[in-house]
Amino acid sequence: MEPMAGEWTSAAHSMGTTIMAVEYNGGVILGADSRTTTGVYVANRASDKITQLTDNVYLCRSGSAADTQVVSDYVRYFLNQHTIQLGREATVKTAATLVKELAYQNKSFLQAGMIVAGWDKYDGGSVYAVPLGGTLLRLPFATGGSGSSYLYGFLDQAWRPQMSKDEAERFVVKSIALAIARDGASGGVVRTVTVNEHGVERNFFAGDKLPLFHEEIPPGRNSLLA
Amino acid sequence: MSTIGTGYDLSVTTFSPDGRVFQIEYATKAVDNSGTVIGVRCKDGVVLGVEKLISSKMLLEGSNRRIHAINRHAGMALAGLAADGRQIVTRARTEAANYLSFYGEDVPIKELSNRVAHYSHLCTLYWWLRPFGSSSIIGGYDMDGPQLYTIDPSGVAYRYYGAAIGKGRQAAKTEIEKLRLAQMTCREGVMAVAKIIYGVHDEAKDKSFELEMSWVCDESNREHQRIPTDLLMEAKAMARDAQEDDLDAF
């Protein structure tokens with residue numbers, strides 16, 4: 001007989017995920033999908049995978065939802081104290097180093113692929129990747145999660161330095177949409193966060209606002225509804 | 001001489017009735033009896049200078065350094081008991097290295113000074129420890145520009161435009177106040193510091209001395225280093241001439 005409860009009721013919450021962050025002319029843009037899964041069940045179809053660490057630094061989370069939540073809580077706590085002691089805002093580099101330290105020292109316990117991005121007055125907009133294992137790598141753009149596999153070729157070809165804010169945001173939304181189209185563990189909406197010297201701006205792109213690709217059916221009236 | 005705290009000065013964990021901790025004040029006296037140490041913050045960096053009193057002609061020139069590097073962009077000049085100073089330098093170096101390791105960037109000078117001050121203060125809280133008989137002047141250049149701090153045996157850090165500690169500090173402070181530091185470059189600062197140290201040196205009371213100087217400025221690529229030899233020679237020569245001029249004028 002089949003068991004009453006499926007495997008998904010006891011599986012850990014994972015964020016299949018597509019996350020990315022890019023530097024543009026004046027700041028950074030972080031982007032992510034919104035699907036959280038336990039096995040094949042979508043536990044949350046509108047999650048927010050972009051978490052605030054300080055006023056000027058944000059974190060994209062992929063991998064185990066629990067692990068990344070705990071890491072971000074610790075780093076937010078350390079940075080809060082650090083800011084008070086230093087008397088000025090923390091730099092993106094410091095935030096990224098703290099994330100790296102936790103990821104590296106606890107590598108055997110964690111399954112967390114993260115991207116730290118933000119703006120500070122010393123280095124401008126910066127993006128740091130902290131993949132599984134706890135490497136720290138500063139990059140002009142970074143991507144992570146299961147959906148990122150489908151993006152490497154696209155990004156290598158399409159990314160240009162010093163994009164404008166609107167250009168960069170369109171670029172991020174298009175990339176996430178491409179990954180959602182092919183990766184079953186990514187889906188839902190696209191959330192973006194823009195961080196620059198003027199502050200922080202959050203954006204939300206529901207399914208009907210996303211670009212369509214090869215053989216995708218447009219929303220609204222289409223052949224399926226006939 | 002000055003005040004004596006009869007009975008209330010036996011332990012650093014005892015206050016006097018008028019709210020003083022005499023042991024800390026006595027520790028400061030050890031600093032006041034040592035050679036003068038000066039720091040000035042110019043518009044493009046910091047210059048440190050030490051009047052290193054030579055106790056014996058047999059001492060090798062350049063030994064017994066009084067200025068130490070903490071990390072690439074910060075240095076520390078010491079006055080007072082040399083061994084105590086050595087301990088403080090070691091601690092400052094450890095703090096700077098730990099900060100870099102944990103936060104991924106060079107320690108801000110303010111943070112470094114606070115940590116050294118915290119350490120000095122620690123030794124004023126327990127009866128089984130004595131306060132450090134050493135004050136330090138920290139000169140450094142970080143993301144927020146050049147900065148100058150002093151830390152005394154009581155464990156307080158102050159930020160300065162110009163600072164002097166040691167036996168000639170009163171005279172040195174007067175001279176420093178005359179300088180227009182915000183307009184001076186470090187090159188000019190080096191000349192001024194050399195002149196001041198030669199000026200406050202008491203020929204009658206003390207024997208010979210050696211001038212030790214360092215800087216951290218735009219010209220040194222924001223790295224703490226000893227003054228280049230030719231510049232040091234030039235500064236010493238100018239300072240010596242200035243002293244003779246003053247004597248002649250008299």
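Just so it is clear: chains get the letters A, B, ... in the order the sequence lines come, proteins before strands, and each one is counted from 1. What you see is a predicted model, and the numbers here were worked out from it, not measured in a lab.
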message: Taking CZ in R88(A) as the centre, count heavy atoms belonging to other residues, nucleotides or ligands within less than 6.0 Å. Is the count above 12?
response: yes

message: Counting neighbours of CZ on R72(B) that are heavy atoms of other residues, nucleotides or ligands and sit closer than 6.0 Å, is the number greater than 12?
response: no

query: Within residues 137-166 of chain B, which positions have a heavy-atom distance to chain A below 4.5 Å?
result: M143(B), D144(B)

query: Taking only heavy atoms into account, what residues of residues 96-116 of chain A are found under 4.5 Å from chain B?
result: T97(A), L98(A), E101(A)

task: Kindly compute the distance separating CZ (F78(A)) from CZ (F102(B)), expressed to the nearest 0.5 Å.
output: 5.0 Å

query: What residues of residues 161-168 of chain A sit under 4.5 Å from chain B when only non-hydrogen atoms are counted?
result: none

message: Within residues 104-118 of chain B, which residues come under 4.5 Å of chain A, heavy atom to heavy atom?
response: G104(B), E105(B), P108(B), K110(B), E111(B)

task: Count the heavy atoms of every other residue, nucleotide or ligand shown that sit under 6.0 Å from CZ of R202(A), and state whether that count exceeds 12.
output: yes

query: Is atom CD of Q157(A) surrounded by more than 12 heavy atoms (other residues, nucleotides or ligands) closer than 6.0 Å?
result: no

message: A quick test of your reading: do over 12 heavy atoms of other residues, nucleotides or ligands sit less than 6.0 Å from NZ of K173(B)?
response: yes

message: Surrounding OH of Y122(A) (heavy atoms of other residues, nucleotides or ligands, distance under 6.0 Å), is the total greater than 12?
response: yes

- request: Could you tell me the separation between the OG1 atom of T94(A) and the OH atom of Y99(B), rounded to the nearest 0.5 Å?
  value: 5.5 Å

